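Structure first, then comments.
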Amino acid sequence: MRSKYCGNLGIKHIDSEVQLCGWVDRCRDHGGVIFIDLRDSSGTIQITVDPEQGSALFKTAESLKNETVIQIVGTVRSRPAESINNKLKTGEIEISAKCLKILNPILSNLPFTISIHDEEPLKEELRLKYRYLDLRRERMSKNLKLRHKTIQTARNFLENEGFIEVETPILTRSTPEGARDFLVPSRVCEGEWFALPQSPQIFKQLLMVGGIERYYQIARCFRDEDLRSDRQPEFTQLDMEMSFMNQEEILDLNERLIASIWKTAKGIDLQLPFPRISWEECMNSYGTDRPDTRYGMKLQNVSSIIKEIGFKVFSNAVKSGGSVKCITIKGGNQTISNVRIKPGGDVFNEAAKAGAKGLAFIRVRDNNEIDTIGAIKDNLNNSQKIELLQKAKANPGDLILFGAGETEIVNKTLDRIRQYLAKELGLIPLDKESEVWNFLWVIDFPMFEFNKEENRLEAIHHPFCAPNESDLGANTKSWGDKLPKSRAQAYDLVLNGLELGGGSLRIHNPNLQKEVLKTIGLSENESSEQFGFLIEALKMGAPPHGGLAFGLDRIIMLLSGEDSIRDTIAFPKTQQARCLMAQAPNNVSDKQLKELHIASTWTNDE
RNA sequence: GGGACCGUAGUUCAACUGGUUAGAGCACCGCCCUGUCACGGCGGAAGUUGCGGGUUCGAAUCCCGUCGGUCCCGCCA
């Protein structure tokens, strides 16, 4: 139907005859001559319809509406010098139309305009309802092309590294741990249920046992949890697993993969290797396991200085097993008023949202005089004061904010304030030129954390992560005692405060695997019922293996500069997990339910 | 499960403290216009103010409920 794409035409095509297809982006009817901006997936070009070319052609051109689908035959010619449009890639030329055919007219008014010239922001509700139109707009088509390019780059890279792409089941079994499963009733196996995979975790490990050695997949994952701007009920992971590689080798390969993606998508050469920071140091210095290192304001632990002072809020926090930490805001005396850090102020509110009961502060004045509430000032002697200012790296003009109490809350509070103030004080460069990409690996995660509600240990990543061998010791009999406190051979890739992906070396020793399942509270029976096939497989020549998975949607979001992964997904769902276009989920017939041996217990007043 | 914000013409927004017939740009329809490119000019049509109830002489505006969207906490790695 066509000989060329609109956006690829240029002066070298002058005098040649072309046949183009696409959408009418916009028309300018001057009564005599008519200009049509024709758009296809490659770009736009101006079509000129002169009355001399015949009245039928002209009449058709007059009738065109925006978004009419047309096919034109015409000759490429240079524009008159005064009519050259430098804003347009094809602005030096135009097509003189000889023939114009309407392939599909517009029969219904469009809910919004597609043209790039229309810059008005649209309600997302509308964009999602008419997603097929939204995709026709430049923003979404650009994002989808970027997504494609990113996946293509990953495929090429992994191909060259000897990986093969293997698909794993979408219908699988429900397993404990992790997120809520989406369930699918089985018609054939009455009363039984499939679950959609939260990730291909176990399958990819079994591919390793299957001798695949290097696997990857652009894998759809499903989690039935509440949505956020960076969370969808179905999302995509770039999922990988490899045999006979140690942690360093895996990290090295993956940062080269990320670098190749950033090179093609952004033209940026990332500096390798990425910094590696232990989980412990990370929590100490940033209060979070995914720190944004584009700015300072690191957390300082001042517990030891403060534990004996008379200010009870501080000393009691330390004595009851918690801590006192602080962050120093350079020049904070100027930029942050007392109103903002006292109850009701924006900074205080941020602290409160993290669970802090108060927000103590010290302002450093000239000659290192301190300005704070009496209860702190009166209880600090001169040497404590000096030590404190040193530890906080505070100078005259600076503001120090404190978190005191349970260490977890203190970390959460100061992390939140740190992030809030970085945005607030403009410490993060927003313009494209000074964009900073601070990648880092967080390593040495603990194996488990305590779940208060369920009163048991829980795997931080998942229960297949291999523990650090030196933490476990050689004596296999003491595994059970040492496991709860050992570190995992797990790693997360963090970029500018966001987790891009993570993984671990896996357990390939069946006894160790059993021991870990026992540690998270599974009985022997439960273990073999849920994971028997995995443990069995580990007994039959499972190679040492490990892997990781990247959140592909999130990576595209960062590369495209969008704030939501919805803008990287062709057909995403709303926060209520609805598809406004297809109107899913929807009701099904009683017959369908009956075949599946299920009945809905839902009532209106639920 | 909880908190916050939002919903007005096809669309993006406006409408003061509750007070005339709910306005404007773009889109749409009609007419005019031969070099525009977000073309221009003249005219026109277009509204269950998401929905339901309440307060009031009077509600887009205030209150309650409900539906939908967004952000966040919980949840989720």
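Numbered from 1 within each chain, the chains take letters A, B, ... in sequence-line order. The structure presented is a predicted model; accordingly, all values stated were derived computationally and were not measured.
Only the P atoms considered, rC73(B) is 46 Å distant from rC57(B), to the nearest whole Å. The same atom, C1', is picked in rG74(B) and in rG3(B); the two are 11 Å apart, to the nearest Å. Nucleotides rG23(B) and rA46(B) are separated by 13 Å at their P atoms, to the nearest Å. A gap of 34 Å separates the P atoms of rU20(B) and rC29(B), to the nearest Å. rA9(B) and rG47(B) are spaced 5 Å apart, taking the C1' atom of each and rounding to whole Å.
With a cut-off of 3.5 Å on both pairing distances, rG58(B) has no Watson-Crick or G-U wobble partner at all. The partner of rU66(B), taking Watson-Crick or G-U wobble pairs whose two distances both stay under 3.5 Å, is rG50(B). With a cut-off of 3.5 Å on both pairing distances, rA38(B) has no Watson-Crick or G-U wobble partner at all. Summarising the base pairing, rC26(B) is matched to rG10(B) through a Watson-Crick or G-U wobble pair whose two defining distances lie under 3.5 Å. Nucleotide rC71(B) forms a pair with rG3(B), judged by Watson-Crick or G-U wobble geometry with both contacts under 3.5 Å. Searching all strands for a Watson-Crick or G-U wobble partner of rG18(B) with both distances below 3.5 Å returns nothing.
Partners of D553(A) according to the side chain to side chain donor-acceptor pair (under 3.5 Å) rule, which considers only residues two or more places apart in sequence or in another chain, are R147(A).
Nucleotide rG40(B) holds its P atom 16 Å from the CD1 atom of I34(A), rounded to whole Å. The NZ atom of K129(A) sits 11 Å away from the P atom of rG10(B) (whole-angstrom rounding). The distance from atom CD1 of I84(A) to atom C1' of rU36(B) is 14 Å, rounded to the nearest whole Å. Between the CG atom of D29(A) and the P atom of rC37(B) there is a distance of 14 Å, given to the nearest Å. Remark: C1' of rC37(B) and CG of D25(A) are 11 Å apart, rounded to the nearest angstrom. Summarising the geometry, the separation between CG on D134(A) and P on rG10(B) is reported as 20 Å, rounded to the nearest angstrom. To the nearest angstrom, P of rC37(B) lies 12 Å from CZ of R26(A). We find that NZ of K65(A) is positioned 8 Å from P of rC28(B), with the value rounded to whole Å.
A salt bridge is absent between R231(A) and E225(A): the closest approach of a Lys/Arg side-chain nitrogen to an acidic carboxylate oxygen does not fall below 4.0 angstrom. The residues D50(A) and R77(A) are annotated as salt-bridged, a charged nitrogen and a carboxylate oxygen being separated by less than 4.0 angstrom.
For the side chain to side chain donor-acceptor pair (under 3.5 Å) test with D239(A), the passing option among Q217(A), K204(A), R220(A) is K204(A); the others fail. Residue E350(A) is tested with Q419(A), R416(A), R418(A) for a side chain to side chain donor-acceptor pair (under 3.5 Å); the sole match is R416(A). In summary, of the residues considered (L103(A), L20(A), V24(A)), a side-chain contact (heavy atoms from CB on, under 4.5 Å) with I70(A) occurs for V24(A) alone.
Of the listed nucleotides (rG35(B), rA27(B), rC37(B)), rA27(B) has the atom at the smallest distance from the side chain of T113(A).
Of the two residues near RNA chain B, R79(A) and N66(A), the one whose nearest nucleotide lies more 5' is N66(A).
Nucleic acid contact class of D224(A) (heavy atoms, under 4.0 Å, all strands): none. Using a 4.0 Å heavy-atom distance criterion, R77(A) is classed as a base contact. As judged by a 4.0 angstrom heavy-atom cut-off over every strand, E52(A) is placed among the base-contacting residues.
An aromatic stacking contact links H30(A) with the base of rC39(B), defined here by ring centres under 5.5 Å apart and ring planes under 30° from parallel.
Ring geometry for Y491(A) against W441(A) counts as perpendicular: the plane angle is over 60°, on a 0 to 90° scale with 30° as the lower cut. Ring orientation note: the planes of Y130(A) and Y132(A) are nearly perpendicular, at an angle over 60° on the 30°/60° scale. Taking the six-membered ring where the residue is Trp, W279(A) and F445(A) present tilted rings, their angle falling between 30° and 60°.
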Practice item. Between protein and nucleotides 66-77 of chain B, map the contacts as a letter string: B base, S sugar-phosphate only, - none, heavy atoms under 4.0 Å, written 5' to 3'. Key: --SSBBSBBBBB
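Neither OP1 nor OP2 of rU36(B) sits under 4.0 Å from any side-chain N or O of R28(A).
For the residue pair S174(A) and L183(A), the shortest heavy atom distance occurs at CB-CD2, 4.4 Å.
A distance-only check finds no donor-acceptor pair linking the side chain of R26(A) to the backbone of N66(A) [under 3.5 Å].
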Where do N or O atoms of nucleotides 11-14 of chain B meet protein N or O atoms at under 3.5 Å, pair by pair?
from    : atom 1 : to      : atom 2 : distance (Å)
rU11(B) : O4'    : P111(A) : O      : 3.3
rU12(B) : OP1    : K123(A) : N      : 3.1
rU12(B) : OP2    : K123(A) : NZ     : 3.3
rU12(B) : O4'    : E120(A) : OE1    : 3.3

